[in-house]
Amino acid sequence: NAGVTQTPKFQVLKTGQSMTLQCAQDMNHEYMSWYRQDPGMGLRLIHYSVGAGITDQGEVPNGYNVSRSTTEDFPLRLLSAAPSQTSVYFCASSYSGGVGTDTQYFGPGTRLTVL
Amino acid sequence: DAKTTQPTSMDCAEGRAANLPCNHSTISGNEYVYWYRQIHSQGPQYIIHGLKNNETNEMASLIITEDRKSSTLILPHATLRDTAVYYCIVKVGNFNKFYFGSGTKLNVKP
């Protein structure tokens with residue numbers, strides 16, 4: 001299994017540009033999440049999904065859109081990039097098991113710089 | 001929502017036990033405590049979780065106080081590769097909404 005994969009690894013955008021960060025998992029996990037991590041800070045939840053067709057907001061959803069058309073993929077869209085969105089973005093997935101059995105597996109991250 | 005409090009940083013000598021504390025005084029009865037770590041800038045890695053009993057796996061031990069208001073992660077024989085940021089998390093609800101704090105930076109020194 002490849003686990004959780006993210007593309008691209010690095011990206012530089014200009015203010016106002018849009019782009020999609022890709023995330024895929026091959027573990028048949030129902031739950032997927034997106035986090036951002038600013039320098040020296042912990043991870044903050046952006047959006048999450050409990051299954052195909054179902055998404056919800058986390059702590060910091062503004063400026064981001066998500067959709068979940070398949071179990072495997074959970075792309076994150078930046079609609080109009082801003083310098084404040086410069087960060088490292090992590091995707092994670094987990095089983096839909098009961099509380100305490102839902103270990104999250106994280107991807108390697110996408111390092112985004114908005115100029 | 002249960003929140004956690006951890007020291008900003010800790011030092012540990014290589015080969016010694018590293019004891020990382022976490023305060024979660026507002027935890028609810030059915031909320032689990034999870035520990036993850038992040039080495040350098042990689043994605044976080046699961047370590048261990050528990051509800052009220054002490055837990056042990058190949059990586060670490062988790063000691064939860066009887067009142068569940070605090071816990072300690074124990075790395076029995078720390079190595080240089082254990083240098084990382086360690087996050088103590090109490091999961092909110094049933095939809096995998098993990099709220100990471102700032103964590104504890106563990107520095108393992110030779």
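Letters go in sequence order (proteins before strands), and every chain restarts at 1.
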Is a side-chain donor-acceptor pair under 3.5 Å present for A:Asp38 with A:Ser87?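 Side-chain D/A pair, A:Ser87 to A:Asp38: present.
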Which atom pairs, donor and acceptor, lie under 3.5 Å between side-chain atoms of residues 15-22 of chain A and protein residues at least two apart or in another chain?
{"unit_1": "A:Thr15", "atom_1": "OG1", "unit_2": "A:Leu115", "atom_2": "O", "d": "2.6"}
{"unit_1": "A:Gln17", "atom_1": "OE1", "unit_2": "A:Lys14", "atom_2": "N", "d": "2.7"}

Ignoring hydrogens, what is the shortest heavy-atom contact between B:Arg68 and B:His24? Give both atom names and the distance.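 Closest pair (atom of B:Arg68, atom of B:His24, distance): O-ND1, 2.8 Å.
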Below 4.5 Å from any heavy atom of chain B, which atoms of A:Arg44 appear? Answer side chain, backbone, both or neither.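 No part of it gets close to chain B.
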Portion of A:Gln6 that has a non-hydrogen atom of chain B nearer than 4.5 angstrom: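 Neither part.
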Under 30°, 30 to 60°, or over 60°: which ring-plane class applies to A:Trp34 and A:Phe74, parallel, tilted or perpendicular?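 Geometry flag for A:Phe74 against A:Trp34: tilted rings.
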Quick one: list whatever passes side chain to side chain contact (heavy atoms under 4.5 Å, CB included) with A:Met27, sequence neighbours left out.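 Scan of A:Met27 (side chain to side chain contact (heavy atoms under 4.5 Å, CB included), adjacent residues dropped) gives A:Asn1, A:Val4, A:Gln25, A:His29, A:Ser93, A:Tyr105.
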With A:Thr5 via side chain to side chain contact (heavy atoms under 4.5 Å, CB included) - residues at least two apart: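 A:Thr5: side chain to side chain contact (heavy atoms under 4.5 Å, CB included) contacts with A:Ala2, A:Ala24.
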Top contributor to chain A contacts, counting heavy-atom pairs under 4.5 Å, from B:Gly50, B:Pro44, B:Gly43: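 Counting heavy-atom pairs under 4.5 Å, the top option is B:Pro44.
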Per-residue contacts, residues 101-110 of chain B versus chain A, heavy atoms under 4.5 Å: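 Within residues 101-110 of chain B, the residues that come under 4.5 Å of chain A (heavy atoms only) are B:Gly101, B:Ser102.
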Chi angles and distances behind the side chain to side chain contact (heavy atoms under 4.5 Å, CB included) call for A:Arg111, A:Thr113: CA-CA 7 Å; A:Arg111 284 144 184 81; A:Thr113 301; over 6 Å; no
